[in-house]
Amino acid sequence: MTASLQVGSQKRLMVFSGRSNQPLAAAIANLLDIELGKVTLKTFSSGEVYGRFDESIRGADVFIIQPMCANPTTGINTNDALLELMVMVDAAVGASAHRVIAVTPWYGYSRQDKKSAPREPISARMVAHALEVTGVDRVLTMDLHAGQLQGFFSIPVDHMTALGILGDYFAGLDDDLVIVAPDAGRVKLNKQFANQIGAGLAILDKERPQQQVAEINTVIGDVRGKTAIVIDDIIDTAGTLCAAGEALSRAGAQRVFAAATHGVFSGGAFENLASSPFERVVVTDTIPLRAGAPSNIDVLSCAPLLADSIRRIFTNDSVSAVFGGKNHTF
């Protein structure tokens, strides 16, 4: 007699995609050598989202790939993406999935991670609580805006970074390189990147008089005659980034590049970048690039990194080993 009953030894990995970034999900599934699971997703005329798994997921490890971003191609906005993720998670829990893992490389509301004024919400914490209550067992994400976001969860959070992907892009530059932190809060990330590619480090003195408005007053460090690369986690309207590029040009930088993990590119971002001093602006595909992008934007794929992480989660291997334990960029 034994104290347990074992029925087979096979686990099942299944990957499903929401509507926010289906090309990324397809690339991940292809690298895992599986097909994306079949799911019905739609928005009713009332604006409510609906989701249903079209095949059995009972007992499977279900990975739902859904960055919390808008996608004009599929007609969903940021809030739709978040709610659609929660709907899919609830459906997976109700269909007796063994584990439900939210793969959300772009974590929406991540910049609302603290109170900057009285009576403001901490929306990033609210999103974390909502996902947990809905039934998520684990979260896989990339380059969170701030380290404390991991503390908003009481479930495991696997935090990936695109520093290696971006570093490989710039490794071929033969110039005298200097990595530029856009503000004091990004110094640790930029120092890691500078050490990775053997470059110097400079810092921008930035002030933010109001939300989505920034002023660059001083460049701290020597950039004259060098190739300056501004590294950040997010490019949104690109107003701050363009101000940084102009400040570096005035300080004597010979060439100016920019790189970030998440290309949100909202508002007049494309117009700003098209007229900016940046030779190239490099982002990853955590967020799909909408139509009308200027020719100086390059998109690198994070699918291999996410596919490797998903495989390791499924097989209970170390995820941090992908980066040698150095994926904490805060």
Side-chain angles (χ1 to χ4, degrees), residues 15-28 49 63-86 88-89 101-113 123-128 130-131 136 138-150 152-153 157-166 186 189 212 231-238 240-241 258-267 269-270 281-290 293 297-307 309-310 327 329-330:
V15 176
F16 294 88
S17 175
R19 290 179 290 173
S20 67
N21 199 339
Q22 291 169 332
L24 175 61
I28 291 171
V49 297
F63 291 80
I64 301 173
I65 300 173
Q66 178 83 325
M68 300 177 202
C69 62
N71 188 334
T73 302
T74 56
I76 66 170
N77 59 36
T78 298
N79 296 327
D80 291 336
L82 171 58
L83 193 59
E84 185 173 86
L85 173 60
M86 294 170 63
M88 294 177 73
V89 169
I101 299 92
V103 182
T104 181
W106 164 242
Y107 184 86
Y109 291 89
S110 61
R111 286 169 286 182
Q112 299 183 48
D113 59 351
S123 304
R125 181 182 61 187
M126 176 203 69
V127 170
L131 289 175
V136 169
R138 195 179 195 103
V139 172
L140 173 60
T141 189
M142 286 190 67
D143 284 321
L144 290 167
H145 187 61
Q148 63 261 31
L149 292 177
Q150 298 171 86
F152 292 162
F153 289 91
V157 176
D158 295 300
H159 182 243
M160 305 292 100
T161 178
L163 283 187
I165 300 170
L166 298 174
R186 295 287 143 193
L189 179 147
Q212 294 191 315
I231 305 291
D232 210 346
D233 60 326
I234 303 166
I235 302 174
D236 193 351
T237 62
T240 302
L241 187 64
T261 302
H262 311 293
V264 177
F265 297 138
S266 68
F270 287 168
V281 177
V282 187
V283 296
T284 73
D285 57 353
T286 57
I287 298 173
L289 187 66
R290 60 184 171 87
I297 295 180
D298 291 336
V299 180
L300 309 178
S301 180
C302 60
L305 176 60
L306 291 173
S309 302
I310 288 171
N327 55 320
T329 55
F330 308 106

Quiz item: When rounded to the nearest 0.5 angstrom, what is the spacing between OG1 in Thr78 and CG in Leu83?
Solution: 12.5 Å
Quiz prompt | Pro23: partners by side chain to side chain contact (heavy atoms under 4.5 Å, CB included), with sequence neighbours left out | solution = Asn21
Self-check item: Nearest non-hydrogen partners of Cys302 and Leu24, listed with the distance
Solution: SG-CD1, 4.0 Å
Quiz item: Mind checking what makes side chain to side chain contact (heavy atoms under 4.5 Å, CB included) contact with Ser17, not counting sequence neighbours?
Solution: Gln22, Ala25, Leu36
Quiz item: Does the pair Thr261 and Ile234 meet the rule for a side chain to side chain contact (heavy atoms under 4.5 Å, CB included), with working shown?
Solution: CA-CA 6 Å; Thr261 302; Ile234 303 166; over 6 Å; no
Exercise. Nearest 0.5 Å please: distance from the CE atom of Met88 over to the CD1 atom of Ile64.
Key: 5.0 Å
Exercise. Look only at the side chain of Asp143 and the backbone of Ala162, and say whether a donor-acceptor pair between them is shorter than 3.5 Å.
Key: yes
Quiz item: How about Asn79 and Leu82: do any of their side-chain heavy atoms sit closer than 4.5 Å?
Solution: no
Quiz item: Does some side-chain heavy atom of Pro288 sit less than 4.5 Å from a side-chain heavy atom of Cys69?
Solution: yes
Self-check item: Heavy-atom pair of closest approach, residues Ala124 and Leu149
Solution: CB-CD2, 3.3 Å
Exercise. Decide yes or no on side chain to side chain contact (heavy atoms under 4.5 Å, CB included) for Ile65 and Val15, but give the supporting numbers first.
Key: CA-CA 7 Å; Ile65 300 173; Val15 176; 3.4 Å; yes
Practice problem: Only counting residues at least two apart or in another chain, list the ones meeting side chain to side chain contact (heavy atoms under 4.5 Å, CB included) with Ala269. | Solution: Ala238, Phe265
Practice problem: Determine whether the side chains of Ser266 and Asp236 contain a donor N or O and an acceptor N or O closer than 3.5 Å. | Solution: yes
Quiz prompt | For Ser301, the option from Thr284, Asp285, Thr286 that meets side chain to side chain donor-acceptor pair (under 3.5 Å) | solution = Asp285
Exercise. Not counting sequence neighbours, which residues clear side chain to side chain contact (heavy atoms under 4.5 Å, CB included) with Ser123? List them please.
Key: Tyr109, Gln112, Pro121
Practice problem: Would you please classify the geometry between the Phe153 ring and the Tyr107 ring as parallel, tilted or perpendicular, with 30° and 60° separating the classes? | Solution: perpendicular
Self-check item: Residues in salt bridge (charged side-chain N to carboxylate O under 4.0 Å, His left out) contact with Asp113, at least two apart in sequence or another chain
Solution: none
Quiz item: If you round to the nearest 0.5 Å, how far is CE of Met86 from CG of Leu131?
Solution: 6.5 Å
Quiz prompt | Ile165 versus Leu305, closest heavy-atom pair with distance | solution = CD1-CD2, 4.2 Å
Quiz item: Under 3.5 Å, side chain of Thr141 to main-chain N/O of Thr104, donor-acceptor pair present?
Solution: yes
Quiz item: Is the closest side-chain heavy-atom distance between Thr237 and Val264 below 4.5 Å?
Solution: no
Exercise. Please identify each residue that fulfils salt bridge (charged side-chain N to carboxylate O under 4.0 Å, His left out) with Arg125, with sequence neighbours left out.
Key: none
Quiz prompt | Spacing of CZ belonging to Arg290 relative to CG belonging to Asn71, to within rounding of 0.5 Å | solution = 11.5 Å
Practice problem: Would you indicate whether the side-chain heavy atoms of Val127 and Met68 approach each other to under 4.5 Å? | Solution: yes
Exercise. Determine whether Ile28 and Ile310 make a side-chain contact, defined as any pair of heavy atoms from C-beta on separated by less than 4.5 Å.
Key: yes
Quiz item: Is there side-chain contact between Leu300 and Val283, with at least one heavy-atom pair below 4.5 Å?
Solution: no
Quiz prompt | Asp80 and Arg19 ion-paired at < 4.0 Å | solution = no
Exercise. Without swapping roles, check the side chain of Trp106 against the backbone of Pro67 for a donor-acceptor pair under 3.5 Å.
Key: no
Practice problem: Classify the side-chain pair Ser20/Gln66 by whether it contains a donor and acceptor separated by less than 3.5 Å. | Solution: yes
Practice problem: Dump the intermediate steps for side chain to side chain contact (heavy atoms under 4.5 Å, CB included) on Ile101 and Val139, then the final yes or no. | Solution: CA-CA 6 Å; Ile101 299 92; Val139 172; over 6 Å; no
Practice problem: Rounded to the nearest 0.5 Å, what's the gap from CG on Leu144 to CZ on Arg111? Could you check? | Solution: 13.0 Å
Quiz prompt | Taking every non-hydrogen atom, the tightest pair across Met142 and His262 | solution = O-NE2, 3.0 Å
